[in-house]
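Below: the structure, in structure tokens.
Counting convention: from 1, in listed order, for ligands and their atoms alike. Please read these numbers as outputs of a predicted model, since none were measured by experiment.
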Amino acid sequence: MLFPPQTIDGGPRPLAGGFSADAWSRIRFLDGPVCDGCGVPFDYDPGDRCAACLAKPRAFDAARAACLYDETSRDPILKLKHADRLDLAPMFARWLSRTARVLIEEADAIAPVPLHPWRLLRRRYNQAAEIARPLAALTGTPYLPDALVRRRATETQGGKSGSGRRRNVAGAFQVPPPRRPLVEGQRVLLVDDVRTTGATLEACARALKAAGASGVDVLTLAMVVRPLSLRQKDNRHASARR
Ligand SMILES: [Zn+2]
């Protein structure tokens, strides 16, 4: 009573996870029609698959995200990652289960994007695993915490361009030979917190497919969606190079 509950975002009356109702209501969930390939919402880019997916097939089969990564969703997601707010993880797992019912039904197993052991030591937990594990439990899907390993430490992806990000993570992931039977012939659902360019998730998907996975889908809490004008420009560059 001496210390009334405080909201993290400074708004009135804390609701779930210490955020105010107003903060939650501003999160832009991607529960409308989305691109079949990458999960981008159709109000940005109408069609069956968006122009970017048509121009360049990805290493994963389909991707979905629960919400847009923006100034509203960034705060709770970074708190999970850097501020020990593991109490937010079960709620994030519920978001994921709502967003990707079909991908989860089709999945034989759920796997998190791994951290390098050094980074795991420093941070003490892998935020991707913290949301993948309760998602697997919630949906009754087998959980593969260590099928995929990061075999070399990569620099942080922050501040890198799309091609810089791809180079940074190329060949960084592997399914160790003794664990190959876990993924052989399996459709794996890869889980991470945020998808920016998707370079990390594509590198993971390649490693899983190289180990014999029959399919790899991707599910993240949030995705970065750039305005259509920027992506059209990218696509023009892509077609000019071909
Ligand atoms: Zn797409």
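Taking both residues in full, the closest heavy atoms of Glu202 and Lys56 are given as OE2-NZ, 4.3 Å, listed atom of the first, atom of the second, then distance. The shortest non-hydrogen separation linking Leu144 to Pro112 is O-CD, 3.4 Å. The minimum heavy-atom distance linking Cys35 with Cys50 is given by the pair SG-N, 3.2 Å.
Of the possible polar contacts, none joining the Arg180 side chain to the Ala211 backbone as a donor-acceptor pair under 3.5 Å is found.
Salt bridge annotation for Arg124-Asp84: present, with a cationic side-chain nitrogen under 4.0 angstrom from a carboxylate oxygen. Ion pair Asp61/Lys209 flagged as a salt bridge, since at least one NZ, NE, NH1 or NH2 atom sits closer than 4.0 Å to an Asp/Glu carboxylate oxygen.
Excluding waters, the count of protein N/O/S atoms less than 2.8 Å from the Zn ion (ligand 1) comes to 4.
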